[in-house]
Amino acid sequence: MIVLFANDKGGVGKTTTAVNMAVMRMLAGRDVLLADCDLQRTASNWCSVRAAIEPAVSSFSRVQLTGSDVASELIKLSERYQDVVVDTHGADSVEMRQAMTVADVVVMPLQMSQFDLWGVSRVLEVVKNIEATWPAGQKMNLKALINCAHTQAKKDKEEMREALSASGISVMAPVMHWRLVYQRLASKGLSVVEMKSSDPKGVATKEMTDVYQEIFGDEWRAK
């Protein structure tokens, strides 16, 4: 299964969600690969931090992919690994478009703001152009993930969900909120589920677990 995290806007939570999904999938017993298709190498930098603390934590495979052959490389890798989690640059790039053509699921994280809503139309135009090259009726499995929401902004979250749905995008049921643990994990090389001291009540873990379940279709349990 190829799961792509993509948006043409940076700072929306693509890498944060991607690395967490890769770790959780690995801890669930799957043979997983993290494909970093971001020219800024953000996910790769996180992996380097994680590698420095081994063998205290479990490791998984990763690869850096760029250029016009990303799609063909991802297909080859999906034959070797059970799951390929793909992170892309926060811009309309050849890597993002290439990965979109072969992904089983495209997750588009975005912050709960009008600025991010305005950017949705650009992503939808990219999707439309890709689908135009596919057989009639074939559609991209695109899901929007609301991120960095305020825990008390119930009305705002409902309005954001309605606006996204009105644009024709399937909106994921889980909502991710702004939490300090998401910032801390970047410098630790860890996933949320491995940082229990920074998430004592398990609220961030619950959010990530819900996201995991909707993407992969099964309940997360570490083996």
Side-chain angles (χ1 to χ4, degrees), residues 1-10 12-26 28-44 46-47 60-110 119-145 147 164 167-172 174 211-218 220:
M1 182 177 186
I2 301 175
V3 181
L4 168 65
F5 292 88
N7 195 328
D8 73 348
K9 190 175 185 299
V12 294
K14 296 184 302 297
T15 305
T16 297
T17 317
V19 299
N20 272 277
M21 292 300 106
V23 171
M24 293 173 73
R25 205 62 172 154
M26 178 265 295
R30 301 281 290 185
D31 188 9
V32 63
L33 171 75
L34 177 61
D36 187 355
C37 297
D38 182 351
L39 297 174
Q40 295 182 346
R41 299 176 58 88
T42 310
S44 293
W46 177 89
C47 286
F60 53 87
S61 300
R62 64 177 170 111
V63 67
Q64 182 82 28
L65 296 176
T66 58
S68 58
D69 59 348
V70 163
S72 59
E73 288 299 317
L74 287 176
I75 290 175
K76 292 177 184 177
L77 290 166
S78 68
E79 295 172 352
R80 292 170 49 192
Y81 295 89
Q82 291 177 299
D83 300 293
V84 179
V85 178
V86 187
D87 183 36
T88 53
H89 184 51
D92 183 0
S93 63
V94 63
E95 290 83 10
M96 182 185 81
R97 290 179 178 241
Q98 283 274 306
M100 278 182 163
T101 65
V102 297
D104 296 293
V105 182
V106 180
V107 179
M108 182 177 66
L110 70 168
V120 167
S121 60
R122 298 192 302 270
V123 177
L124 289 179
E125 187 63 27
V126 172
V127 172
K128 179 181 178 181
N129 291 337
I130 291 173
E131 290 178 341
T133 67
W134 289 353
Q138 184 176 346
K139 296 293 183 181
M140 190 177 299
N141 186 10
L142 175 66
K143 298 177 179 290
L145 173 61
N147 187 26
L164 288 168
S167 67
I169 298 178
S170 174
V171 187
M172 295 181 66
V211 171
Y212 175 99
Q213 184 168 335
E214 183 158 341
I215 292 174
F216 297 105
D218 52 61
W220 180 75

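For the pair Val171 and Leu145, the minimum side-chain heavy-atom distance is 4.5 Å or more. Under the 4.5 Å side-chain criterion, counting only non-hydrogen atoms from C-beta, Glu214 is in contact with Pro174. Side-chain contact check for Asp218 versus Gln213: every heavy-atom pair is 4.5 Å or farther apart. Taking 4.5 Å as the limit, every side-chain heavy atom of Leu33 sits out of range of all side-chain heavy atoms of Val85. Side-chain atoms of Val63 and Asp36, non-hydrogen and from C-beta on, never get closer than 4.5 Å to each other. Residues Val32 and Tyr81 are not in side-chain contact: their nearest non-hydrogen atoms beyond the backbone lie 4.5 Å or more apart. Side chains of His89 and Met96 form no contact here, defined as non-hydrogen atoms less than 4.5 Å apart. A 4.5 Å side-chain heavy-atom check between Val86 and Leu74 finds at least one atom pair inside the cut-off.
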Practice problem: Test side-chain hydrogen bond (donor to acceptor under 3.5 Å, both in side chains) on Thr88 and Glu95 and set out the steps. | Solution: CA-CA 7 Å; Thr88 53; Glu95 290 83 10; over 6 Å; no
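In terms of modelled atom types and a separation under 3.5 Å, the side chain of Asn147 and the main chain of Leu110 share no donor-acceptor contact. A donor-acceptor contact shorter than 3.5 Å links the side chain of Gln64 to the backbone of Asp38. Proximity of a side-chain donor or acceptor of Trp220 to a complementary backbone N or O of Met24 within less than 3.5 Å is detected.
Residue pairs that meet the salt bridge (Lys or Arg N to Asp or Glu O under 4.0 Å) test with at least one member in residues 121-130, sequence neighbours left out, are Asp8-Arg122. Among residue pairs with one or both ends in residues 61-74, those qualifying as salt bridge (Lys or Arg N to Asp or Glu O under 4.0 Å) are Glu73-Lys76; sequence neighbours excluded.
Ala71 approaches Gln98 most closely through the heavy-atom pair N-OE1, 3.0 Å. Considering every non-hydrogen atom in both Phe5 and Ile215, the closest pair reads CZ-CD1, 3.9 Å. The shortest heavy-atom contact between Ser167 and Leu124 is O-CD1, 3.6 Å. Residue Thr101 comes nearest to Arg97 through the heavy atom pair CG2-O, 3.2 Å, listed as atom of the first residue, atom of the second, then distance. Contact detail for Val127 and Met100: the closest heavy-atom pair is CG2-CE, 4.3 Å. Cys47 approaches Leu34 most closely through the heavy-atom pair SG-CD2, 3.6 Å.
One distance of note links CG of Asp104 with OG of Ser78; it measures 7.5 Å at 0.5 Å rounding. The CZ atom of Arg41 sits 10.0 Å away from the CG atom of Leu39 when rounded to the nearest 0.5 Å. Taking CE from Met140 and CE from Met108, the interatomic distance works out to 11.0 Å, rounded to the nearest 0.5 Å. Separating the CD atom in Glu131 from the CG atom in Leu142 is a distance of 8.5 Å, to the nearest 0.5 Å. Taken from OG in Ser170 to CG in Leu164, the straight-line distance is 10.0 Å, to the nearest 0.5 Å.
Here Gln82 pairs with Arg30, Asp31 under the side chain to side chain contact (heavy atoms under 4.5 Å, CB included) rule; sequence neighbours left out. Applying the side chain to side chain contact (heavy atoms under 4.5 Å, CB included) criterion to Ala103, with sequence neighbours excluded, gives Ile2, Leu4, Val106. For Phe216, the ring-ring contact (aromatic ring centres under 6.0 Å, His included) partners at least two apart in sequence or on another chain are Tyr212.
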Show which side-chain atoms of residues 13-22 pair as donor or acceptor with protein atoms under 3.5 Å away, not counting sequence neighbours.
unit_1: Lys14; atom_1: NZ; unit_2: Lys9; atom_2: O; d: 3.2
unit_1: Thr15; atom_1: OG1; unit_2: Asp87; atom_2: OD1; d: 3.4
unit_1: Thr15; atom_1: OG1; unit_2: Asp87; atom_2: OD2; d: 2.7
unit_1: Thr17; atom_1: OG1; unit_2: Gly13; atom_2: O; d: 2.7
unit_1: Asn20; atom_1: OD1; unit_2: Val192; atom_2: N; d: 2.7
unit_1: Asn20; atom_1: ND2; unit_2: Thr16; atom_2: O; d: 2.7

